[in-house]
2 protein chains.
Amino acid sequence: MTKTSVQPEHMENLGGGALPRLDQQLCFALYSAVNRVTRLYRPVLSALGLTYPQYLAMLALWEHSPRTVGALGEALDLDSGTVTPLLKRLEKQNLVRRRRDPSDERRVIVELTEAGQALKARAAEVPASLACQIALPTSELIDLGERVRRFKRCLPADDAGAYAER
Amino acid sequence: MTKTSVQPEHMENLGGGALPRLDQQLCFALYSAVNRVTRLYRPVLSALGLTYPQYLAMLALWEHSPRTVGALGEALDLDSGTVTPLLKRLEKQNLVRRRRDPSDERRVIVELTEAGQALKARAAEVPASLACQIALPTSELIDLGERVRRFKRCLPADDAGAYAER
DNA sequence: AGCAATTCAATTGTGTGCAATATAAACTTT
DNA sequence: AAAGTTTATATTGCACACAATTGAATTGCT
């Protein structure tokens with residue numbers, strides 16, 4: 001009780017000074033849900049030669065293709081240390097091409113190759129083969145997505161925002 | 001417009017053959033939420049010398065300490081290829097000890113050291129310092145946790161369960 | 001008892017994620 | 001315009017996550 005902090009008397013779950021049980025933690029629920037989802041995607045995506053993050057990158061590129069590395073990283077909420085090697089692996093598979101932006105040589109433009117565009121058709125079946133493994137109505141999945149996005153928006157993002165909104 | 005593609009007229013969301021937008025995908029929402037949460041934990045946990053998965057492992061061990069590697073992996077929903085090196089790093093920090101189970105030499109028993117037990121007190125502040133960075137009422141966080149766990153339970157787990165419940 | 005099948009943990013190899021740093025190209029300031 | 005600053009990407013090093021494999025111990029079967 002020598003705390004300067006914000007600790008009220010008896011908290012159920014968060015912030016009480018006593019550690020919450022693992023299986024009550026929102027953050028662990030998210031963490032293990034993502035691991036499971038990734039495992040679920042793996043066999044489906046390996047038929048396309050993609051990992052799960054690579055699939056996400058391709059989804060972003062299928063939405064609009066000539067795009068800078070930075071813009072892609074922002075869409076995926078990943079930094080260059082993650083995106084650059086990922087793109088190199090996609091390039092090695094001939095799904096994307098990378099070139100410097102002539103008008104600003106700092107930037108690198110990523111674009112789909114023919115093969116990358118063509119893969120979109122085959123990927124169209126991915127959502128259905130995932131959805132059919134999940135024993136929940138679509139409406140509930142959509143609702144959960146909304147809630148997770150709302151949650152995410154309440155997290156301090158790219159350390160801009162934490163102080164910048166003043 | 002020279003496309004062979006499969007683009008149907010106008011699909012809403014899942015399973016229709018058209019790819020959903022990245023920012024509508026539940027799975028991407030989970031994925032990026034977890035990345036952000038991990039980034040949020042990082043500075044708080046690094047004060048304790050822990051990473052986020054290490055913190056989860058310690059939470060599990062603080063709940064009950066002498067525990068096999070397998071039991072810990074099951075609690076965390078991780079396999080031995082992830083847990084073993086993680087435990088070695090915790091051991092190097094003298095937070096846990098590992099020894100073979102004398103009654104079954106295949107098993108390895110993990111237990112907290114004195115230092116590992118002691119760390120629990122310092123970790124007690126972690127949930128509060130996280131919660132205060134999240135601009136949502138606790139009730140909503142708890143509710144979201146429930147929903148994510150329900151979602152997770154509907155995923156085929158460790159490929160046992162998919163067929164075993166007959 | 002003897003041997004195959006199973007179980008448990010560790011190891012290997014690939015692919016993320018991210019902090020910290022590096023490098024080069026633009027922008028700013030004077 | 002030279003120098004310092006900022007911006008965009010790449011690189012390095014560390015820690016996951018997991019498939020596939022290995023090795024050792026136990027269980028099951030006959």
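Note on naming: letters A, B, ... go to the chains in the order of the sequence lines (proteins, then strands), and numbering restarts at 1 for each one.
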Go through the structure and list residues passing side-chain hydrogen bond (donor to acceptor under 3.5 Å, both in side chains) with [X], not counting sequence neighbours.
| X | result |
| --- | --- |
| A/R42 | none |
| A/R149 | none |
| B/R153 | none |
| B/E111 | B/R99 |

Taking any atom under 4.0 angstrom from a heavy atom of chain B, which nucleotides of DNA chain C are the first and last to qualify, 5' to 3'?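 Answer, 5' to 3': C/dT7 to C/dA19.
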Donor-acceptor contacts, no H, no angles, side chain residues 89-96 of chain A, under 3.5 Å, sequence neighbours left out:
residue	atom	partner	partner atom	Å
A/E91	OE1	A/R98	NE	3.2
A/E91	OE2	A/R98	N	3.3
A/Q93	NE2	A/G49	O	3.2

Heavy atoms only: give me the nearest B/L19-A/A123 pair and the separation to one decimal.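 Where B/L19 meets A/A123 most closely, the heavy atoms are CD2-O, 3.3 Å.
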For nucleotides 9-17 of chain D, read 5' to 3', which letter fits each nucleotide if B means a protein heavy atom sits under 4.0 Å from the base, S means only the sugar-phosphate is that close, and - means neither? SBB---SSB
Pick the closest DNA chain C nucleotide for A/K92 and for A/E105 by heavy atoms, then say which residue is nearer the 5' end.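 The answer here is A/K92.
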Set of ring-ring contact (aromatic ring centres under 6.0 Å, His included) partners for B/Y55, sequence neighbours left out: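 B/Y41.
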Enumerate the ring pair (Phe, Tyr, Trp, His ring centres under 6.0 Å) contacts for residues 79-125 of chain B, please, sequence neighbours excluded, ordered by first and then second residue.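 The answer is none; no pair qualifies.
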